[in-house]
Every structure is written in structure tokens, then in C-alpha cells.
Enquirer: 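Please see the structure below; I have some questions.
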Amino acid sequence: MNPEVAQAAAAAASHDVSLWGLFWAAHWVVKGVMIGLVAASIWVWAIIVEKLIVYRRTRSQMDRFEQVFWSGQSLEELYRSLAQRPTTAMAALFVAAMREWKRSHETSVRSFAGLQQRIDRVMNVTIQREIERLESRLMVLATVASSAPFIGLFGTVWGIMTAFQAIAVSKNTSLAVVAPGIAEALFATAIGLVAAIPATIAYNKLAGEVNKIASRLEGFADEFAAILSRQIDQQGGSPAGYDQRAA
């Protein structure tokens with residue numbers, strides 16, 4: 001066997017090809033890329049877990065609120081019980097509409113010509129605020145999903161350049177010499193994909209959940225607007241004793 005090849009093979013055999021070994025043997029630029037991608041992956045998973053908990057809690061709260069709302073309790077009683085603590089998305093929507101209704105009744109001018117438009121506008125603004133709250137940090141997932149593979153690829157390209165420079169200096173093109181450096185470089189791409197794939201799947205899933213919640217809020221807003229519209233048509237009657245079951 002050629003002595004140079006034997007020497008290269010021995011060097012490759014002594015090279016630590018574990019994930020930890022590949023990280024420590026990589027160029028400092030590649031190490032920085034790896035650390036950044038690992039941090040991004042941890043951040044992604046933290047957002048995923050937090051959003052799954054928030055969306056599940058939001059759906060449960062909406063279910064409970066709808067059950068109470070359609071139970072026949074008067075709107076005034078429900079408003080008094082929620083006015084100080086509208087802790088749920090649907091409750092906040094209800095309280096905002098009822099507050100606008102009550103303000104119109106408390107004015108000295110009993111004109112209801114624009115009341116329906118004001119109530120609709122208030123509910124639309126409330127829905128947008130709730131959606132913005134639910135969508136917070138989802139763009140982090142989208143950013144990681146789109147950029148992590150390219151960041152990992154940058155680390156790979158840099159690592160391969162470094163590996164080829166080492167080959168040029170040693171003047172040895174044996175696979176045993178080339179393989180460790182290439183493996184270190186490709187490790188950066190692998191980490192980039194590990195960060196990007198969950199972020200892509202989670203973003204699509206969570207965005208779909210936000211759309212479902214938004215549809216439920218908009219549906220409730222339409223139903224509640226219809227209830228208040230009927231009250232407006234009844235010569236601007238007060239909703240204090242209105243029973244939803246009779247609607």
C-alpha cells in the first residue's frame with residue numbers, strides 16, 4: 001500500500017466522526033452557523049408548543065362561552081358577568097358589541113341610524129386584535145422555514161471550501177482525507193433541515209388553526225349582529241331582558 005494513502009487512512013480512522021466530533025472539528029464559521037441553527041430550532045419548538053396550548057385553550061373557551069350564550073341567559077346579565085374580565089376571544093367580542101350598544105342607549109339622542117354599522121365596526125376591530133394576538137410569532141416559523149436551509153447551505157459551502165483548501169495544502173486527494181471535511185460541512189445542511197422542516201409543517205398547521213378560530217369568531221359576530229339588529233328594528237328596544245332562545 002502506498003505509504004501516503006496508509007497515513008491518510010490512519011488519520012481518517014483517528015478522526016472522530018460522531019456528531020459532537022464533527023461539530024468540534026468544523027471551521028469556526030461553520031460552528032457559528034450550527035449554533036445559530038440549533039438555537040433557531042429550539043425557538044421554533046418553543047413557539048410550536050406554546051401555540052398548540054394557546055389554540056387548544058382558545059377553542060375550549062369558545063365552546064364554553066357559546067354554551068352559556070345560547071343557554072337563554074339575558075344579554076344584560078351575561079354582559080355584567082363578563083364586562084370586567086372578558087378573558088376569552090369570543091367573550092371580548094361580545095363585550096365590545098354590548099358596550100357599544102349600551103353607550104348608544106346612554107346618549108341623550110336616541111338615534112339608531114348608524115348603530116348597526118358602529119357595532120359591526122367594533123366587532124371587526126375586536127376580531128382583528130384577537131387574530132393578531134393568535135398570529136404573534138408565527139412569522140418566526142415562516143422565517144426559519146424559508147431561511148434555515150440556505151443558512152445551513154452557507155455553512156456547507158464554507159466548510160467544503162475549507163476542506164478543499166486543506167486538500168490543496170496537503171496535496172492528498174484520497175477519499176479518506178476528503179471525507180471528514182465534507183461530512184463536517186454537510187452536517188450544517190442537516191441541522192438547517194432539522195430546523196426548517198418542523199417550522200414549515202407547524203406554520204401551515206398553526207395558520208390553519210388561526211383561520212378556523214377566525215371563522216368561528218366571524219360566524220358568532222354575524223349571529224350576534226343579527227340578534228342586535230332585530231332589537232334595533234323593535235324601535236331601539238333595550239337588550240336587557242332579551243332571550244337568545246327566542247331569536
Side-chain angles (χ1 to χ4, degrees), residues 39-103 116-146 148 195-231 239 242-245 247:
S41 181
I42 295 173
W43 192 9
V44 162
W45 279 106
I47 294 173
I48 291 172
V49 172
E50 187 257 343
K51 289 301 180 183
L52 288 175
I53 295 173
V54 169
Y55 294 170
R56 182 177 181 180
R57 183 169 60 239
T58 300
R59 290 193 302 269
S60 178
Q61 291 171 342
M62 289 194 299
D63 291 339
R64 290 197 298 269
F65 176 82
E66 285 186 320
Q67 184 177 6
V68 173
F69 181 82
W70 296 110
S71 66
Q73 183 179 4
S74 72
L75 299 182
E76 184 65 29
E77 292 175 356
L78 185 59
Y79 173 74
R80 283 199 301 267
S81 66
L82 296 174
Q84 301 302 324
R85 49 179 183 83
T87 56
T88 69
M90 201 167 281
L93 185 60
F94 167 79
V95 168
M98 283 295 294
R99 184 175 290 122
E100 182 60 33
W101 174 282
K102 292 176 69 67
R103 285 173 180 170
Q116 186 68 54
Q117 289 79 4
R118 291 195 299 273
I119 291 175
D120 290 341
R121 190 176 300 112
V122 166
M123 288 195 292
N124 288 335
V125 170
T126 303
I127 290 175
Q128 289 301 318
R129 287 175 179 170
E130 291 299 323
I131 297 305
E132 288 177 2
R133 180 181 67 84
L134 294 173
E135 287 182 337
S136 64
R137 292 189 296 279
L138 284 188
M139 286 307 299
V140 174
L141 301 183
T143 301
V144 172
S146 61
I197 292 173
T200 301
I201 296 173
Y203 176 78
N204 293 331
K205 170 66 176 176
L206 297 177
E209 291 293 329
V210 172
N211 291 334
K212 291 178 182 178
I213 294 174
S215 296
R216 287 189 64 178
L217 291 176
E218 291 170 357
F220 173 77
D222 291 340
E223 291 177 326
F224 190 41
I227 291 174
L228 296 181
S229 179
R230 280 191 288 270
Q231 289 296 95
Y242 187 67
D243 189 338
Q244 298 95 291
R245 291 175 299 184

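FYI, side chains are in, hydrogens and waters are out, and symmetry mates aren't considered; it's all heavy atoms of this structure. None of the values given here were measured: they were computed from a predicted structure. This chain uses plain numbering: 1 for the first residue, then up along the sequence.
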Enquirer: Can you name the closest pair of heavy atoms from E100 and V122 and give their distance?
Expert: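 What the structure gives for the nearest pair is OE1-CG2, 4.0 Å.
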
Enquirer: To the nearest 0.5 Å, what is the distance between CZ on R216 and CG on D63?
Expert: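 Between R216 CZ and D63 CG, I get 4.5 Å after rounding to 0.5 Å.
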
Enquirer: Return the minimal non-hydrogen interatomic distance between A97 and I119, and the atom names on each side.
Expert: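 Shortest heavy-atom separation between A97 and I119 comes out as CB-CG2, 4.0 Å.
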
Enquirer: Let me confirm one number: the CZ-CZ distance from F94 to R99, rounded to the nearest 0.5 Å.
Expert: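 CZ of R99 is found 10.5 Å from CZ of F94.
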
Enquirer: Look up atom CD1 in I201 and atom CG in L141, then write down how far apart they are to the nearest 0.5 Å.
Expert: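 One finds 11.5 Å between CD1 of I201 and CG of L141.
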
Enquirer: Quick check: closest heavy atoms across D120 and A225, and the distance to 0.1 Å?
Expert: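 It is OD1-CB, 3.7 Å.
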
Enquirer: Spell out, as yes or no, whether a donor-acceptor pair under 3.5 Å connects the side chain of Y203 to the backbone of T143.
Expert: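 No: the side chain of Y203 does not pair with the backbone of T143.
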
Enquirer: Stepwise, does the side-chain contact (heavy atoms from CB on, under 4.5 Å) test hold for K205 with Y55?
Expert: CA-CA 11 Å; K205 170 66 176 176; Y55 294 170; over 6 Å; no

Enquirer: Would you say V54 and R57 make side-chain contact, with heavy atoms under 4.5 Å?
Expert: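 With C-beta onward as the side chain, the pair touches.
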
Enquirer: In Å, rounded to the nearest 0.5 Å, how long is the span from CG of N124 to CG of L93?
Expert: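 N124 CG to L93 CG: 9.0 Å, rounded to 0.5 Å.
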
Enquirer: Between atom CZ of F65 and atom CG of L78, what is the distance when rounded to the nearest 0.5 Å?
Expert: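 Reported to 0.5 Å precision, the distance equals 5.0 Å.
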
Enquirer: Can you tell me how far apart CD1 (I127) and CD1 (I213) are? Round to the nearest 0.5 Å.
Expert: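 One gets 12.5 Å once the value is rounded to the nearest 0.5 Å.
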
Enquirer: Is any side-chain N of the basic residue among K51 and E209 closer than 4.0 Å to the acidic one's carboxylate O?
Expert: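 No, K51 and E209 are not salt-bridged.
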
Enquirer: A side-chain contact here means heavy atoms from C-beta on lying under 4.5 Å apart; do L217 and Q128 qualify?
Expert: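 No - every pair of side-chain heavy atoms lies 4.5 Å or more apart.
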
Enquirer: Any idea how F224 and F69 line up, ring-wise: parallel (<30°), tilted (30 to 60°), or perpendicular (>60°)?
Expert: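 Ring orientation of F224 relative to F69: perpendicular.
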
Enquirer: Is there a donor-acceptor contact under 3.5 Å linking the side chains of S60 and R56?
Expert: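 There is no such pair (donor and acceptor under 3.5 Å, judged by atom type) between the side chains of S60 and R56.
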
Enquirer: In plain terms, say whether E130 and R133 are close enough for a salt bridge, that is, a side-chain N and a carboxylate O under 4.0 Å apart.
Expert: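 Result for this pair is yes, salt bridge flagged.
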
Enquirer: Would you check if the side chain of S71 reaches a backbone N or O of V68 as a donor-acceptor pair within less than 3.5 Å?
Expert: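 At least one qualifying donor-acceptor pair exists.
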
Enquirer: Would you name the heavy atoms of A195 and A148 that are closest together and state the gap between them?
Expert: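 For A195 and A148, the tightest heavy-atom pair comes out as CB-CB, 4.2 Å.
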
